[in-house]
Amino acid sequence: KAGVTQTPRYLIKTRGQQVTLSCSPISGHRSVSWYQQTPGQGLQFLFEYFSETQRNKGNFPGRFSGRQFSNSRSEMNVSTLELGDSALYLCASSMEGGLSHEQFFGPGTRLTVL
Amino acid sequence: AQSVTQPDIHITVSEGASLELRCNYSYGATPYLFWYVQSPGQGLQLLLKYFSGDTLVQGIKGFEAEFKRSQSSFNLRKPSVHWSDAAEYFCAVRRTQGAQKLVFGQGTRLTINP
């Protein structure tokens, strides 16, 4: 079974631009969560989607948004990029209602904002 | 609010030596508990998890962890480390129902001396 895939793996943008990151969960997984990882703040929860609905949201400004499609694939968007948005963005999927209750992480997208 | 503390930012051990990484959590009830490992430039890999039952859980790569309710701790152990264990280790908690939000500790970076 293929793991969680994230595209692109690396991105370089400039301040003020916007960016869209993509995540394809493991087949059969319906929950997708996004996390931001930075050296200063560590791993922080952005939001979670389940059945195309945002179920939980972290403490990030409105510039960070996301969505989930009917096939459970998810995208996150960051508008008006700031230097502090440079980070590794990790996506994780989970089989809601499954016995394991664990999240499987993708390799991440490394975003650099210049 | 949930929180996780990993008191040791960086630990160095010799190859073949035993290892214990500390994790303390703050939560109103017993949460789900996890240990993840991250190699440079990679996503997170689940080492082990605790949901209920036996408080000593076994994971992959020879790791184990013990849940101690009275101390709100979930320390990770390995009897003999290998050079390939050098990585960053994250303890995480999640509530037992509903949203899949993981709350992570700041991580412990493990260096192995030959």
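Fair warning: this is a prediction, and the values are worked out from it, not measured in the lab. A note on names: the letters A, B, ... follow the listed sequences, proteins ahead of strands, and every chain is numbered from 1. What's counted below: heavy atoms across the whole structure, side chains too, no hydrogens, waters or symmetry copies.
In terms of hydrophobic clustering, with Ile, Leu, Val, Met, Phe, Trp and Tyr side chains grouped at heavy-atom distances under 4.5 Å, Val78(A) and Tyr49(A) are assigned to a common cluster. Cluster annotation: Tyr32(B) and Phe45(A) are assigned to the same hydrophobic cluster (Ile/Leu/Val/Met/Phe/Trp/Tyr, side-chain heavy-atom contacts under 4.5 Å, transitive). Residues Val37(B) and Phe34(B) are members of separate hydrophobic clusters, defined by side-chain heavy-atom contacts under 4.5 angstrom among Ile, Leu, Val, Met, Phe, Trp and Tyr.
Summarising the geometry of Leu88(A) relative to Gln42(B), their closest heavy-atom pair is CD2-O, 4.2 Å, with the distance given to 0.1 Å.
The neighbour count for Ile60(B) CD1, taken as heavy atoms of other residues, nucleotides or ligands under 6.0 Å away, is above 12. Environment of CZ in Arg63(A): crowded, with over 12 heavy atoms of neighbouring residues, nucleotides or ligands closer than 6.0 Å. Counting non-hydrogen atoms of neighbouring residues, nucleotides and ligands closer than 6.0 angstrom, the CZ atom of Arg15(A) reaches no more than 12 such neighbours. Counting non-hydrogen atoms of neighbouring residues, nucleotides and ligands closer than 6.0 angstrom, the CG atom of Asn71(A) exceeds 12 such neighbours.
With a 4.5 angstrom heavy-atom cutoff, Leu46(B) touches chain A only via side-chain atoms. Using a 4.5 Å cut-off between heavy atoms, Arg110(A) makes no contact with chain B at all. Heavy-atom distances place the side chain of Gln106(B), and not its backbone, under 4.5 Å from chain A. For Gln45(B), no part lies near chain A; criterion is any non-hydrogen pair under 4.5 Å. Of the two parts of Gln37(A), only the side chain, counted from C-beta on, holds a non-hydrogen atom closer than 4.5 Å to a non-hydrogen atom of chain B. Contacts between Leu43(A) and chain B at a heavy-atom distance below 4.5 Å involve backbone atoms as well as side-chain atoms.
Once rounded to the nearest 0.5 Å, the distance linking CG of Asn56(A) with CZ of Arg95(B) reads 6.5 Å. Interatomic distance, Arg94(B) CZ to Glu102(A) CD, rounded to the nearest 0.5 Å: 10.5 Å. Note that the NZ atom of Lys101(B) and the CD atom of Gln44(A) stand 9.5 Å from one another [nearest 0.5 Å].
The ring pair (Phe, Tyr, Trp, His ring centres under 6.0 Å) analysis of residues 52-80 of chain A, with sequence neighbours excluded, yields the pairs Phe60(A)-Phe64(A).
A donor-acceptor contact shorter than 3.5 Å links the side chain of Tyr35(A) to the backbone of Leu102(B).
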